[in-house]
Amino acid sequence: MKDFLLVFRNDYSTQPKASPEEMQAEMKKWMDWIGGIAAQNKLTNPGNPLGSAGKVVRPNNVITDGPYTEIKELIGGYTIVKAETIEEAAGLAKGCPILYVGGNVEVREVIAM
């Protein structure tokens, strides 16, 4: 089995403000999806959501604010799954709740060094 990183992207600037009940329902969808992957023994790291603020470190010790607001899609979080192939990992990503709100999931193999 190989490890694959699932990166969750969405245009969060267009999402309406959710009520506490809606946020709880959305979190349940995520937990159910992650739980389904864990039940298949294919969850390496459940991952975490990422905050909206950040910094970008560039050559010559230049540090700027980021991520950039001009970018339509922001990385909202990640998880790491186990699969035999990238196609299998992409199949696991098909049930991700972010897909139902206009987001997408990038699937990348984690290469062991």
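Partner of Val105 under the side chain to side chain contact (heavy atoms under 4.5 Å, CB included) criterion, out of Val7, Leu6, Asn10: Leu6 alone.
In plain terms, the two heavy atoms of Ala89 and Ala83 that are nearest each other are N-CB, 3.7 Å. Of all non-hydrogen atoms in Val107 and Ala93, the two that sit nearest each other are CG2-CB, 4.2 Å.
Cluster partners of Ile63 are Val57, counting Ile, Leu, Val, Met, Phe, Trp and Tyr whose side-chain heavy atoms approach within less than 4.5 Å, directly or via other members.
How far OG1 of Thr79 is from CG of Leu43: 5.0 Å, rounded to the nearest 0.5 Å.
Residues Met23 and Leu50 do not share a hydrophobic cluster, defined by chaining ILVMFWY side chains whose heavy atoms lie under 4.5 Å apart.
Within the structure, side-chain hydrogen bond (donor to acceptor under 3.5 Å, both in side chains) contacts touching residues 99-113 (residues at least two apart or in different chains) are Arg9-Glu106, Glu73-Asn104, Glu106-Arg108. Legend: salt bridge (charged side-chain N to carboxylate O under 4.0 Å, His left out) pairs involving residues 43-52, not counting sequence neighbours: none detected. Counting only residues at least two apart or on different chains, the ring pair (Phe, Tyr, Trp, His ring centres under 6.0 Å) pairs with a member in residues 17-66 are Phe8-Trp30, Phe8-Trp33, Trp30-Trp33. The salt bridge (charged side-chain N to carboxylate O under 4.0 Å, His left out) contacts involving residues 85-103 comprise Lys42-Glu88, where partners must be two or more places apart or lie in separate chains. Counting only residues at least two apart or in different chains, salt bridge (charged side-chain N to carboxylate O under 4.0 Å, His left out) contacts with residues 19-30 comprise Glu26-Lys29, Lys28-Asp32.
By the 4.5 Å heavy-atom criterion applied to side chains, Leu92 and Gln40 are counted as neighbours.
Shown here is Met1, whose CE atom has more than 12 heavy atoms of other residues, nucleotides or ligands within 6.0 Å.
Every residue two or more places apart in sequence or in another chain was checked for a salt bridge (charged side-chain N to carboxylate O under 4.0 Å, His left out) with Lys2, and none qualifies. Listed by chain and residue number, Tyr78, Ile80 satisfy the side-chain contact (heavy atoms from CB on, under 4.5 Å) test with Asn45 (two or more places apart in sequence, or in another chain).
Taking a cutoff of 4.0 Å between a charged side-chain nitrogen and a carboxylate oxygen, Lys55 and Asp65 qualify as a salt bridge.
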